[in-house]
Amino acid sequence: MSEQYSCVGCGVQIQTENPVELGYTPASALQKEPIICQRCFRLKHYNEIQDVSLTDDDFLRILNEIGKSDALIVKIVDIFDFNGSWLPGLHRFTGKNKVLLIGNKVDLIPKSVKPNKLINWMKHEAKQLGLQPAEVFLVSAAKGLYMKEVAQAIDEYREGKNVYIVGCTNVGKSTFINRIIKEVTGEADVITTSHFPGTTLDIIEIPLSDGQVLVDTPGIINHHQMAHFVDKRDLKVITPKKEIKPKVYQLNEGQTLFFGGLGRFDYIKGGRRSFSCHFSNDLMIHRTKIENADDLYKRQAGELLTPPNKDELESFPELVRHEFTVKEGKTDIVFSGLGWVTIHEPGAVVAAYVPKGVHALIRKALI
Ligand code: GDP
């Protein structure tokens, strides 16, 4: 695009290349007047929020602003990718403001797991990560599960103040807000934008009954999320669409599991035992011996071990090894954004391999 255009809605510079970045409009829309970015278009015509991401600097400025105002903060995480979707450092900016923590996508967790157990787990993890939420909820924004309860809690906890909704990209923030809009408004053209000082971005305000607003803040990109390392086809395979069915493997020391070609789990020491794998039902798991694993990966990445696809291999990051010793209790080894392996008893030594730049970590078992 040689000419420069600005959006008549929010003033952002128009671009036609990247649909998930600020100022996107399809090239065909440039023929029409007035020129408006897709985000403003959807807002204007459909009262619908579309997530945009922004730079880390802008995000820090927004957090600063939130910290200075007297408001309720609603933080959304993806329960399937809890650690990958956590916004680190939010607690440093919240000031005296209360935080409600919402775990979205509960429809993906096996139904046999009691919601209270998950909520207690989230409280525990949040505390470890430095955040003490006033309350924790689980919802499925897509399925409309527990949304009424959350909308009610937001209304109670805000005590007549504004509400800021924060979350990283892909946690389902837009789906969540679009549901809330239906609950609280239903009218056309009620949503407005206003300006966050010092940022390149206008924020979206949804009016609440008492003249206060619900503010949609842009989604921040967590650069270590698996989603940034794979293409759209692969994302379809690794993103669970319905309740995950754990796959249980009995392993001997010296055995390896491959999760497609995106992750690898080596069982090094601890006697014969079982491991529960929580991944998208569409992701193929292959078992081999540790001694053959490097060679298998060299020969079969992009073939038997897929995703990634063969044509992505050249640019795909190498797998990096992280070793863990399970010292106590029931534990998860997390392949950030891909899934996790639950180890039922302590005393195991294992290694997790993830693409360079993606996180692997150990945590108290979620399930
Ligand atoms: P945003 O980037 O945070 O605004 O996220 P979106 O609302 O665009 O949702 C990201 C992805 O998560 C989409 O593929 C949604 O369909 C999916 N999603 C959103 N809410 C849920 C949910 O409750 N359950 C499941 N399984 N998927 C969801």
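Source: prediction; values computed, not measured. One-based numbering, in listed order, for ligands and for the atoms of each.
No salt bridge links K236 with D282; every basic N to acidic carboxylate O contact stays at or beyond 4.0 Å. Looking at R158 and D210, a side-chain N of the basic residue comes within less than 4.0 Å of a carboxylate O on the acidic one, giving a salt bridge.
Atoms of ligand 1 lying under 4.0 Å from at least one heavy atom of C168, given by number and element, are 3 (O). Ligand-side atoms of ligand 1 in range of L108: 26 (N), range being under 4.0 angstrom from any heavy atom. Near T169, meaning under 4.0 Å from any of its heavy atoms, are these atoms of ligand 1: 2 (O).
Within the 4.0 Å heavy-atom criterion, both parts of N170, backbone and side chain, lie near ligand 1. At a heavy-atom distance under 4.0 Å, no atom of D78 approaches ligand 1.
The shortest side-chain heavy-atom distance between K327 and P346 does not fall under the 4.5 Å cut-off.
In terms of polar-atom proximity, K105 is counted as a contact of ligand 1, with an N or O under 3.5 Å from an N or O of the ligand. The shortest N or O to N or O distance between P240 and ligand 1 is not below 3.5 Å. Inclusion of G172 in the set of residues having an N or O under 3.5 Å from an N or O of ligand 1 is warranted. Here's the thing with K143: none of its N/O atoms is less than 3.5 angstrom from an N/O atom of ligand 1. Residue K241 has no N or O atom closer than 3.5 Å to an N or O atom of ligand 1.
If you check each of S140, A142, A141 against atom 21 (C) of ligand 1, the one with the closest non-hydrogen atom is A142.
Ring pair F324/H322 is parallel by interplanar angle, where below 30° counts as parallel and above 60° as perpendicular.
Residue pairs meeting the salt bridge (Lys or Arg N to Asp or Glu O under 4.0 Å) criterion with at least one member in residues 292-302, sequence neighbours excluded, are R264-D294, D295-R299.
The two residues L313 and A301 have their closest heavy-atom pair at CD1-O, 3.2 Å.
Applying the side-chain hydrogen bond (donor to acceptor under 3.5 Å, both in side chains) test to N120 and every residue at least two apart in sequence or in another chain returns nothing.
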Q | Steps toward ring pair (Phe, Tyr, Trp, His ring centres under 6.0 Å) verdict (F275, W340) | A | CA-CA 10 Å; F275 297 88; W340 64 92; over 10 Å; no
